[in-house]
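Residue numbers run from 1 in the order of the sequence given.
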Amino acid sequence: MAISPVWLFMFVIRQTCSLSNVKHALVVETECRHSRSMTSSANTDAMPRPPRYDGAANRKRVLDAALKVFARVGFAGASVRMIAAEAGIEQGHLTYYFPSKMALWRGVVEAFAPEPLRRVKAALPASAGLDAASAARLVLPELLRCFADNSELTRLMLQELSVNSDRSAWLANHFAQPVWAAVQPLFQHLDEEGHLRGTPPELAYFTMIGSALVTFGNAELIHRFTTQDPLSRDAVEQAIEHIVGSLVSR
């Protein structure tokens with residue numbers, strides 16, 4: 001059958017138009033995509049960038065939360081999940097900083113416990129040349145105020161030092177022993193001048209520390225029985241005066 005030239009011409013025209021439409025559609029789609037990309041880029045540039053991730057701030061938040069939980073329920077009662085909830089972060093995020101509960105405990109103690117020794121060392125130079133009683137009244141209150149200023153750490157230490165464990169041994173070696181070494185000459189001086197009234201300097205020192213731990217580490221219990229806040233400024237200074245006064249004969 002012969003094909004009409006007119007039909008063939010119309011067929012080619014239709015196909016060409018169809019291909020042209022396809023090409024036009026592709027061009028339009030490409031231009032639209034480019035336009036959307038440019039718009040998205042412009043919007044992204046216009047949007048405020050989030051603040052940079054602050055690892056140090058998050059680490060401190062975790063340590064603050066861990067101290068609260070350990071002081072509230074003790075090491076045995078605490079869990080990484082509880083500490084993460086207290087810090088307001090995911091548990092997996094917390095373990096990025098501290099892979100275990102023990103690592104958290106060590107982190108808390110290492111972050112907060114050095115303060116008493118720092119204060120003692122800062123106060124000792126001013127006591128040089130003073131009599132034992134005057135030196136004690138200058139230096140020892142600085143040490144004892146640390147227990148009141150961070151009552152949660154004091155409660156944690158009271159709990160840990162009340163039992164025999166690897167943690168209490170670590171505290172004794174890294175916290176108690178260095179502080180005692182710093183104030184031992186002062187207690188020897190108090191003994192030599194007769195202020196300790198025959199009590200061995202070591203026993204006098206640990207009696208003083210025990211009084212501070214119980215007084216400032218059990219603030220809620222004391223408040224429950226006395227309706228007074230032992231952590232108020234006046235109460236703290238009165239308690240410290242009483243504790244130091246028991247060491248220094250008048």
Side-chain angles (χ1 to χ4, degrees), residues 60 63-78 86 104-124 135-163 165 167-184 186-187 190 196 199 201-248:
K60 183 180 185 306
L63 289 175
D64 288 341
L67 176 57
K68 290 180 184 297
V69 173
F70 285 136
R72 187 167 62 237
V73 301
F75 182 85
E86 182 74 28
L104 272 165
W105 184 90
R106 284 279 299 270
V108 165
V109 176
E110 290 173 347
F112 297 103
E115 181 64 13
L117 182 60
R118 187 195 68 78
R119 291 197 192 183
V120 167
K121 287 183 174 181
L124 279 173
R137 291 189 179 279
L138 178 66
V139 174
L140 298 183
E142 288 299 316
L143 170 60
L144 299 179
R145 287 188 189 104
C146 289
F147 296 99
D149 291 346
N150 196 337
S151 61
E152 290 174 331
L153 178 62
T154 301
R155 183 171 181 82
L156 171 61
M157 293 173 60
L158 178 63
Q159 294 168 349
E160 295 294 353
L161 294 173
S162 298
V163 296
S165 68
R167 297 186 307 278
S168 64
W170 191 92
L171 269 177
N173 292 330
H174 291 82
F175 170 76
Q177 183 61 36
V179 175
W180 163 241
V183 298
Q184 184 177 11
L186 173 57
F187 275 79
L190 287 169
L196 302 185
T199 302
E202 296 84 355
L203 182 58
Y205 168 74
F206 283 104
T207 299
M208 178 192 74
I209 294 298
S211 297
L213 288 173
V214 171
T215 302
F216 302 128
N218 279 320
E220 292 183 4
L221 179 64
I222 294 174
H223 184 268
R224 189 180 307 145
F225 280 95
T226 67
T227 70
Q228 296 182 1
D229 180 9
L231 298 179
S232 69
R233 179 176 299 180
D234 289 344
V236 167
E237 294 305 316
Q238 288 170 355
I240 290 174
E241 171 61 27
H242 178 75
I243 294 171
V244 175
S246 67
L247 292 172
V248 180

Ring pair (Phe, Tyr, Trp, His ring centres under 6.0 Å) contacts in which one or both residues fall within residues 203-231, not counting sequence neighbours: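 Ring pair (Phe, Tyr, Trp, His ring centres under 6.0 Å) check on residues 203-231 returns Trp180-Tyr205, Phe187-Tyr205.
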So, taking the atom named [atom1] in [X] and the one named [atom2] in [Y], what distance separates them when rounded to the nearest 0.5 Å?
X	Y	atom1	atom2	result
Ile240	Glu142	CD1	CD	8.5 Å
Phe75	Gln159	CZ	CD	12.0 Å
Leu190	Leu140	CG	CG	7.0 Å
His242	Leu247	NE2	CG	10.0 Å
Ser151	Leu213	OG	CG	12.0 Å
Gln238	Thr215	CD	OG1	12.5 Å

What residues form a side chain to side chain contact (heavy atoms under 4.5 Å, CB included) with [X], not counting sequence neighbours?
X	value
Ser162	Leu158
Ile243	Leu144, Met208, Ser211
Gln228	Thr226
Ala135	Ser127, Leu130, Leu186

Minimum heavy-atom distance between [X] and [Y], given as atom pair plus value:
X	Y	answer
Ala136	Pro141	O-CD, 3.3 Å
Cys146	Thr154	O-OG1, 4.5 Å
Pro116	Leu143	CB-CD1, 3.7 Å
Leu63	Gly107	CD2-C, 3.5 Å
Pro230	Val236	O-CG2, 3.4 Å
Leu117	Ala182	CD1-CB, 3.9 Å

Mind jotting down which residue pairs meet the salt bridge (charged side-chain N to carboxylate O under 4.0 Å, His left out) criterion with at least one end in residues 218-240? Sequence neighbours excluded, please.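 Found Arg145-Glu237.
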Pairs meeting criterion salt bridge (charged side-chain N to carboxylate O under 4.0 Å, His left out) with involvement of residues 111-123, two or more places apart: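 Only Glu115-Arg118, Glu115-Arg119, Arg119-Asp149 qualify under salt bridge (charged side-chain N to carboxylate O under 4.0 Å, His left out).
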Does Asn218 have any side-chain hydrogen bond (donor to acceptor under 3.5 Å, both in side chains) partners at least two apart in sequence or in another chain, and if so, which?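 In terms of side-chain hydrogen bond (donor to acceptor under 3.5 Å, both in side chains), with neighbours along the sequence ignored, Asn218 is linked to Arg155.
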Which residues pass the side-chain hydrogen bond (donor to acceptor under 3.5 Å, both in side chains) test with Glu86, sequence neighbours left out? Arg72
Which residue is it: Leu67, Val108, Val69? I am looking for the one with a side chain to side chain contact (heavy atoms under 4.5 Å, CB included) to Glu152. Leu67
When Glu160 is tested against each of Phe175, Phe70, Trp105 for side chain to side chain contact (heavy atoms under 4.5 Å, CB included), which residue passes?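 So, applying the side chain to side chain contact (heavy atoms under 4.5 Å, CB included) to Glu160 and each of Phe175, Phe70, Trp105, only Trp105 qualifies.
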Heavy-atom side-chain proximity of Leu203 to Leu196 below 4.5 angstrom: no
Heavy-atom side-chain proximity of Arg137 to Glu241 below 4.5 angstrom: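 Yes, close enough: below the 4.5 Å cut-off.
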Decide, yes or no, whether a salt bridge links Lys60 with Asp64 under the criterion of side-chain N to carboxylate O below 4.0 Å. yes
Checking Trp170 against Val109 for the side chain to side chain contact (heavy atoms under 4.5 Å, CB included) test, could you report, in this order, the C-alpha distance in whole Å, the side-chain angles of both residues, the deciding distance, and whether it holds? CA-CA 10 Å; Trp170 191 92; Val109 176; 3.2 Å; yes
